[in-house]
Amino acid sequence: MSKEYLFIDVDKISQEGLIVMILLPIATYLLVQHLQKTSRAEYLRGLAKAARLRRSKKDHAKVFEHYKSKGLDHEDYAYLPLEDYSALPKKDVVSALSYRLSSLLSFRKKNGVNALTEELYTEAFKKKEKAGLLKNVPITVKDCIGVQGCLSTGGLSVRADSSKISDSNSLVVQTLIDQGAIVLARGNTSQCMMLPESHNNVWGETKNPWDKTRTPGGSSGGDAVTVSTGCVPLSVGSDVGGSIRIPAAFCGIPGFKPTPGRISKLGCMAPRLGDRHGMAMAIPSTIGPMAESVEACKTFCEAVWTEDHFEGDASLPPMTFDHDEYEKKGKLNLAYFKSDGWFEPCSAALRGLEETVAKLKKAGHKVQEIEFPGDGWRTYQLYVALSASEGDMKGFTLGLEGEDLIPEYEQLKQAASLPNFLRPLVSRLLDERRGSLVNNSRSGGIACYDLQQLMADVLELRKFWSKTYKELGVDAILHVALPLPALKCGTSGDLTGAFSYTLLGNLILFPAGVVPVTTIREEEQEYPMENLPKNQRDHWAKKASACMEGSAGMPISVAVMTEMYRDEKCLRIMKEVERVVEFDETPEAWKE
């Protein structure tokens, strides 16, 4: 083509002009992308703000008028055994505990614990009393589990759109309501529900009722707080890596993760685009209770494992509650290990475990100490490799639909997105524990064959643990619930390795629960750096030391784990731990 047919005479274009011609379209594209992202971010912030505004405008006046006109005192309804509520007038229960939740745990209390997302006081007050195992029992339900008239955000701003308000209950909530339960509120969770904290851009950050500088754990943290503060005797959470047991332990209450598949998840959201979460095939989440006692956890399971629940979801095994197993008498044959070899427990956690073992032995039970079966390093690495197999936290970022990850995910995001050619070098520069995780993930995701091999490793791990139980001939294995007390707010992204003890049960599908046994003493506010194995004297150990500072008085729990589908046995052993330990402390800091 001759020059006269061109719009521009290229001979007359300077070098600077040519550069401008090349860079201008690129700059324009980047500017448009930035403006689109900014516009999307503003839109999502608007959804979150609108959700909070709707919440603040709800009218609960009649509920509180009843509370005041009858001269009720919410303290008279707090910390009662679950079974006591059935004998109390339903409207008195609802108004008293609604007042307690609203004034002490909600967004209304300045510098409070901020445990709630949505409040259902008026709806609960209007509902008729129902007979059942949970007659007049007030409960809270985790934000991701469907409740009629509520959002299920999972901590995602995009799910705060008013068009996503549910017009029906999830199957598990409907089952509880049919048994007489009264839903008073929704508990806060973490963004994407994969952090041991409860913080998101929609509802804010929840604090621990024992120490408001610390987290209640996550991702079912808000619902652990409602039980720990005596506002309800029972709450409903979910668990895929410890999300029931972590907040239960951090808040000093019992919590139970059933065998996956025994409770329906119909009507529950997944924090992924279109609720599509394929990794649930390998590491399934499960719904379960946190409660004022192990007996209350048992009543939850008894109320849910019914024919009506099974008929609502044909994928469930029709296994009603086994009363004979739960009520068995006789001596237990137990084992316990002190450390998984990956993350050493603090001295208070070890003392709590050892004191529990001593009390069980004194009660006549056989309890033998064992080394951690298998390889704790490989177990943790396997969970991380599966969770990160998609690469670059792609499922998280797509599910957020334009919202930024909160700061607690920053280090995980950096590790997930690290260029693969740099991973060998970075892994050598880091300490051994963190370096091993860098080599267990790939930017861009892993090949299908490699994913299948990881799944095969999980199947082998499950076989190994079942074989271990049979060879030991034990009813259950006990261990520290967690190696540290409740973390300080905002620090979980730098202490992810500390949660190896809970995620084991999720990998092998075993039922597991936690029971509070003690609190940290003044002389136990240090992490034993000098006693650690050499390969644990690292960055995480320094962070664990910082966590222990000022931790006196924080609760410590012991975990119980039984074989798959031995849920009733697990609950029975948890109840025996509770009986011999007699832990009865409650938090005070949340009232300030």
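Annotation: Lys109, atom NZ; neighbour count of heavy atoms from other residues, nucleotides and ligands within 6.0 Å is above 12. Within a 6.0 Å sphere centred on NZ of Lys542, other residues, nucleotides and ligands contribute 12 heavy atoms or fewer. Atom CD of Glu371 sits in a sparse spot, with 12 or fewer heavy atoms from other residues, nucleotides or ligands closer than 6.0 Å. The neighbour count for Lys591 NZ, taken as heavy atoms of other residues, nucleotides or ligands under 6.0 Å away, is above 12. Around CG of Asn111, the count of heavy atoms belonging to other residues, nucleotides or ligands within 6.0 Å does not exceed 12.
The pair Lys569-Glu576 fails the salt-bridge criterion, with no side-chain N (NZ, NE, NH1 or NH2) lying under 4.0 Å from an Asp/Glu carboxylate O. Salt bridge status for Glu410 with Lys413: absent, with no side-chain N to carboxylate O gap under 4.0 Å. Here Asp457 pairs with Arg378 in a salt bridge; the nearest charged N to carboxylate O distance falls below 4.0 Å. Under a 4.0 Å N-O distance rule, the pair Arg245/Asp239 qualifies as a salt bridge. A salt bridge is defined here as a Lys NZ or Arg NE, NH1 or NH2 lying under 4.0 Å from an Asp or Glu carboxylate O, and Lys359 with Glu355 fails to meet this definition. Salt-bridge check for Glu582 with Arg579: failed, with every basic side-chain N at 4.0 Å or more from each acidic carboxylate O.
Aromatic rings of Tyr469 and Phe510 (six-membered ring for Trp) have centroids within the 6.0 Å cut-off, being under it. Residues Phe372 and Trp465 place their aromatic rings such that the two centres sit under 6.0 Å apart.
Remark: the Glu524 side chain and the Ser347 side chain contain no N/O donor-acceptor pair separated by less than 3.5 Å. Donor-acceptor pairing under 3.5 Å is lacking for the side chains of Lys488 and Thr213. For the 3.5 Å distance criterion, the side chains of Thr286 and Lys257 fail to qualify, holding no donor opposite an acceptor. Judged purely by distance below 3.5 Å, without hydrogens or angles, the side chains of Glu408 and His199 pair a donor atom with an acceptor atom. Inspection of the Arg351 and Thr518 side chains reveals an N or O donor paired with an N or O acceptor under 3.5 Å. Ser219 and Ser190 form no side-chain donor-acceptor contact under 3.5 Å, judged by distance and modelled atom types alone. With hydrogens and angles left out, the side-chain atoms of Glu344 and Ser339 include a donor and acceptor closer than 3.5 Å.
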Verify side chain to side chain contact (heavy atoms under 4.5 Å, CB included) between Cys144 and Thr189, making sure each step is shown before the conclusion. CA-CA 8 Å; Cys144 65; Thr189 185; 5.8 Å; no

Going through the checks in order, is the salt bridge (charged side-chain N to carboxylate O under 4.0 Å, His left out) test met by Glu568 and Arg262? CA-CA 12 Å; Glu568 292 86 350; Arg262 286 198 71 177; 3.3 Å; yes

Kindly indicate, with the supporting measurements, whether the criterion side chain to side chain contact (heavy atoms under 4.5 Å, CB included) is fulfilled by Arg572 and Leu332. CA-CA 10 Å; Arg572 172 163 58 91; Leu332 298 167; 3.4 Å; yes

For Asn333 and His365, run side chain to side chain donor-acceptor pair (under 3.5 Å): C-alpha distance rounded to whole Å, both residues' side-chain angles, the deciding distance at 0.1 Å, then the answer. CA-CA 6 Å; Asn333 184 8; His365 303 296; over 6 Å; no

For a salt bridge (charged side-chain N to carboxylate O under 4.0 Å, His left out) check, start with the C-alpha distance between Lys298 and Glu295, then their side-chain angles and the critical distance, and finish with the verdict. CA-CA 5 Å; Lys298 168 258 182 184; Glu295 183 70 14; 3.7 Å; yes

Applying side chain to side chain contact (heavy atoms under 4.5 Å, CB included) to Val458 and Leu382, what does each step give before you reach the verdict? CA-CA 8 Å; Val458 172; Leu382 181 57; 3.8 Å; yes

Could you walk me through whether Thr397 and Asp392 pass the side chain to side chain contact (heavy atoms under 4.5 Å, CB included) check? CA-CA 9 Å; Thr397 54; Asp392 307 298; over 6 Å; no

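A heavy-atom distance below 4.5 Å is not found between the side chains of Pro516 and Ile556. Residues Ser417 and Met393 have side chains not in contact (no heavy-atom distance under 4.5 Å, counting atoms from C-beta outward). Under the 4.5 Å side-chain criterion, counting only non-hydrogen atoms from C-beta, Val480 is not in contact with Lys338. Residues Val558 and Val514 are not in side-chain contact: their nearest non-hydrogen atoms beyond the backbone lie 4.5 Å or more apart. Contact check for Phe583 versus Val517: no side-chain heavy atoms found under the 4.5 Å cut-off. Residues Cys251 and Pro209 have side chains in contact (heavy-atom distance under 4.5 Å, counting atoms from C-beta outward). Phe300 is listed as a side-chain neighbour of Val236, based on a closest heavy-atom distance under 4.5 Å. Residues Pro555 and Pro485 have side chains not in contact (no heavy-atom distance under 4.5 Å, counting atoms from C-beta outward).
Taking the six-membered ring where the residue is Trp, His479 and Phe337 present parallel rings, their angle staying beneath 30° rather than reaching 60°. Phe343 and Tyr527 have tilted rings, their planes meeting at an angle from 30° to 60° on a 0 to 90° scale.
Judged as a side-chain hydrogen bond (donor to acceptor under 3.5 Å, both in side chains), and not counting sequence neighbours, the contacts of Asn420 are Arg423.
Leu430 contributes atom CG, which lies 9.5 Å from atom CG of Leu437 (distance to the nearest 0.5 angstrom).
A distance-only check finds no donor-acceptor pair linking the side chain of Asn200 to the backbone of Gly155 [under 3.5 Å]. Although no hydrogens or angles enter the test, the distance criterion places no donor-acceptor pair under 3.5 Å between the side chain of Ser228 and the main chain of Ala224. In this structure, Ser551 contributes its side chain and Cys547 its backbone to no donor-acceptor pair below 3.5 Å. In this structure a side-chain-to-backbone donor-acceptor pair under 3.5 Å is missing from Glu205 to Ser198. For Ser427 (side chain) and Pro424 (main-chain N/O), a donor-acceptor pair under 3.5 Å exists by modelled atom type. One N or O on the side chain of Thr379 and one on the backbone of Asp375 form a donor-acceptor pair closer than 3.5 Å. Looking only at distances, a side-chain donor or acceptor of Arg186 sits under 3.5 Å from a matching main-chain atom of Asp143. Put simply, the side chain of Ser545 gets close to the backbone of Ala541: a donor and an acceptor are under 3.5 Å apart. Under a 3.5 Å cut-off, the side chain of Ser235 and the backbone N or O of Asp223 do form a donor-acceptor pair. In this structure a side-chain-to-backbone donor-acceptor pair under 3.5 Å is present from Lys265 to Ser285.
For the side-chain hydrogen bond (donor to acceptor under 3.5 Å, both in side chains) criterion with Thr206, the lone passing option out of Thr117, Asn188, Asn114 is Asn188.
Of all heavy-atom pairs between Ala498 and Leu484, the closest is CB-CD1, 4.1 Å. Considering all non-hydrogen atoms of both residues, Leu386 and Met455 come closest at CD2-CG, 4.3 Å. The two residues Ala335 and Val474 come nearest to each other via the heavy atoms CB-CG1, 3.9 Å. Of all heavy-atom pairs between Lys207 and Lys212, the closest is CD-O, 3.3 Å. Closest non-hydrogen pair, Asn201 versus Glu403, comes out as ND2-OE2, 2.7 Å. Annotation for Pro258 and Asp567: closest pair CA-OD2, 3.2 Å, computed over non-hydrogen atoms.
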